[in-house]
Protein chains: 2
Amino acid sequence: MQRSLERVTVIEKPLLEQAEAIIKKSTSEHRGLLIVGLCEVSYRGRASSKLEAGDRIIVVKEDGATLVHRPTDYSPVNWQPPGCLLETRLQKDGLLLTAVRRRPREALRILFRRIYSISVLNLVDRGDFSLFASEEEMRDAIKADPNLVEDGLRIISIEKKVEPGFVDLYGIDGQRRLVLIEIKRKTAGKDAVLQLAKYLETIRSSTNRDARGILVAPDIAKGAQALIATLKLEFKPLSPRRCAEVLSRTKTASILDYLR
Amino acid sequence: MQRSLERVTVIEKPLLEQAEAIIKKSTSEHRGLLIVGLCEVSYRGRASSKLEAGDRIIVVKEDGATLVHRPTDYSPVNWQPPGCLLETRLQKDGLLLTAVRRRPREALRILFRRIYSISVLNLVDRGDFSLFASEEEMRDAIKADPNLVEDGLRIISIEKKVEPGFVDLYGIDGQRRLVLIEIKRKTAGKDAVLQLAKYLETIRSSTNRDARGILVAPDIAKGAQALIATLKLEFKPLSPRRCAEVLSRTKTASILDYLR
DNA sequence: GTTTCCATTTCGTCA
DNA sequence: TGACGAAGTGGAAAC
């Protein structure tokens, strides 16, 4: 069939009978689908939901991942993760598309009353994706250039085990004092401060040495700010952006330079 | 223009020049778009990312929400939330679609090398969406029928303020003892146990009365199980599903009966 | 497999 | 609008 060689094959306003055949064939061949139509949606599984009739965009991917998108909003209103079992059945009341997953047991049911268009996809995507300046990369940036946090700081270890978990960075400052660093990618809250305090307490009692606790984050919540003062910890503002820049200079010719 | 009255208007294999005009018109009119094409994507903002060339599905919604989907996986590889500013520009190297948001300042750049199809959407979706048996609804269910947790239990207040936060339910059992209830929609971990223990400690010291702590959840993690015993707390298995059923009986003829 | 924690979390609610 | 917690969170890494 020549059409299947096309990256996209569009069928406009198919009868539900036609749509049934197209969808069955596409899903059996593990092809992606874009369906725009009038439908009702229900879900049963980790929770239960019901979506009354309306026009929606349904994305069915090669791996079975199924998304039901309304005309607005970022999130799909209903969905099914990759690896689910897809079934299509023409009923009296419409064309039923079900996506079932076991473990957890859950089922998505899309009942099409009308279909405006179906796009059968045959896409090729081998492009690499890279994301930077995650919390881990912030650690790397600080490790590469501890001056980001404080002049004279030296990092001894990262993700050091300190009960009851791991402290992000562990170092020694210019006055040879121990420094614990807790990193947050975004606004740090009380939890981060308390976590750091807990680690600090553990370190102080186990080493019998004083230690500084520095919370590194792009910003700090008000309540956390007060806690910082109360617990005599410190806060050092540092954005992921800055870390990405530092990483781009420190590590290698960066992909950042690629981005305009 | 008659075509705009259609729910879906498909343009297959447009020249990039044509695509530019179509996309500009559609976005200016706040219409949704489905674009399938060969593109490169970059993002700068809360983090930075670069996606090399490949075939993708781009969903642009009426509210500006923009999703870049690869042929597999649930999550969009890149996106921009609703309310962003969309711009289209034809360049020598392709058709550039940018979605910019302020606060946080971030930009999504999609450079199309080729476009396989564009679907201009004109969708109508007024259907109500209802999700049930969320954690909040579990609270409601237990409040409506405290026997779900334990016979003779009476609920005094919900979301009661207990430093350092709020305890889900606050009640009195058959022996007139205070009962704190922590609810989790899914498997409860140590964090839930520790949280409950903290509230319990606060209550015990502030009221000088003993109190029971009951963790209500569909399941409990192994480590949390051990903690429960150690801290002399209690665990009561209760599924969101069960809560939904109870709510359906208690509240009104349920939407549950609707499903399936 | 389960547990834990991060996320360009998103999404809701509430002060 | 900001802050805080829940989510059918999803996703990755650790164990």
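To find a chain, count down the sequence lines: A is the first, B the second, and so on, and within it residues start at 1.
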Item to check | d(CD1, A:I183; P, C:dA7) in whole Å | outcome: 11 Å

Item to check | A:R139 CZ to D:dA12 P, straight-line distance once rounded to whole Å | outcome: 17 Å

Checklist outcome for this item: Between A:S75 and B:V77, whichever has its closest DNA chain C nucleotide further toward 5' is B:V77

Checklist entry - Which nucleotide, C:dC11, C:dT8, C:dA7, lies nearest any side-chain atom of A:Y74? => result C:dC11

Checklist entry - Once you round it to whole Å, what is the distance between P of C:dT10 and CD of B:E106? => result 8 Å

Checklist entry - Is it true that A:D73 and B:K61 make a salt bridge, defined as a side-chain N closer than 4.0 Å to a carboxylate O? => result no

Checklist entry - Quick one: CG on B:D125 to CG on A:D55, what's the gap to the nearest 0.5 Å? => result 6.5 Å

Checklist entry - Hey, which of these two, B:D73 or A:P81, hits DNA chain D nearer its 5' end, going by closest nucleotide? => result A:P81

Next on the checklist: Can you check the distance between C:dT8 and C:dT4, where both ends of the measurement are the P atom (answer in whole Å)?
Outcome noted: 22 Å

Next on the checklist: Under 4.0 Å, heavy atoms only, any strand: does A:R103 hit a base, just the sugar-phosphate, or nothing?
Outcome noted: sugar-phosphate

Checklist entry - Between A:Y43 and A:E106, do the side chains contain an N or O donor and an N or O acceptor separated by less than 3.5 Å? => result yes

Next on the checklist: With rounding to the closest Å, how many angstrom separate the C1' atoms on C:dC6 and C:dT10?
Outcome noted: 14 Å

Checklist outcome for this item: Against the side chain of A:R46, the closest entry in C:dT8, C:dC6, D:dT9 is D:dT9

Item to check | Under-4.0 Å side-chain N/O to phosphate OP1/OP2 contact, A:W79 with D:dT9 | outcome: no

Checklist entry - Which whole-number value in Å describes the distance from A:E135 CD to D:dA13 P? => result 14 Å

Item to check | Closest to side chain of B:N78, choosing from D:dA6, C:dT8, D:dG8 | outcome: C:dT8

Next on the checklist: Looking at B:Q80 and B:A99, would you say the former's side chain and the latter's main chain have a donor-acceptor pair under 3.5 Å?
Outcome noted: yes

Checklist entry - Which whole-number value in Å describes the distance from B:L131 CG to C:dG12 C1'? => result 12 Å

Checklist entry - Taking atom P of C:dT9 as reference, at what distance in whole Å does atom CD of B:Q80 sit? => result 12 Å

Checklist entry - Across all strands, who's sitting opposite C:dT8 as a Watson-Crick or G-U wobble pair, both distances under 3.5 Å? => result none

Checklist entry - Below 4.0 angstrom, N of the basic side chain to O of the carboxylate: do A:E182 and A:K184 qualify? => result yes

Item to check | Distance, rounded to the nearest Å, where B:I110 contributes CD1 and C:dT8 contributes C1' | outcome: 14 Å

Item to check | Integer-rounded Å distance: D:dC4 P and A:Q225 CD | outcome: 12 Å

Checklist entry - Expressed as a whole number of Å, how far does the C1' atom of D:dG8 sit from that of C:dC14? => result 24 Å

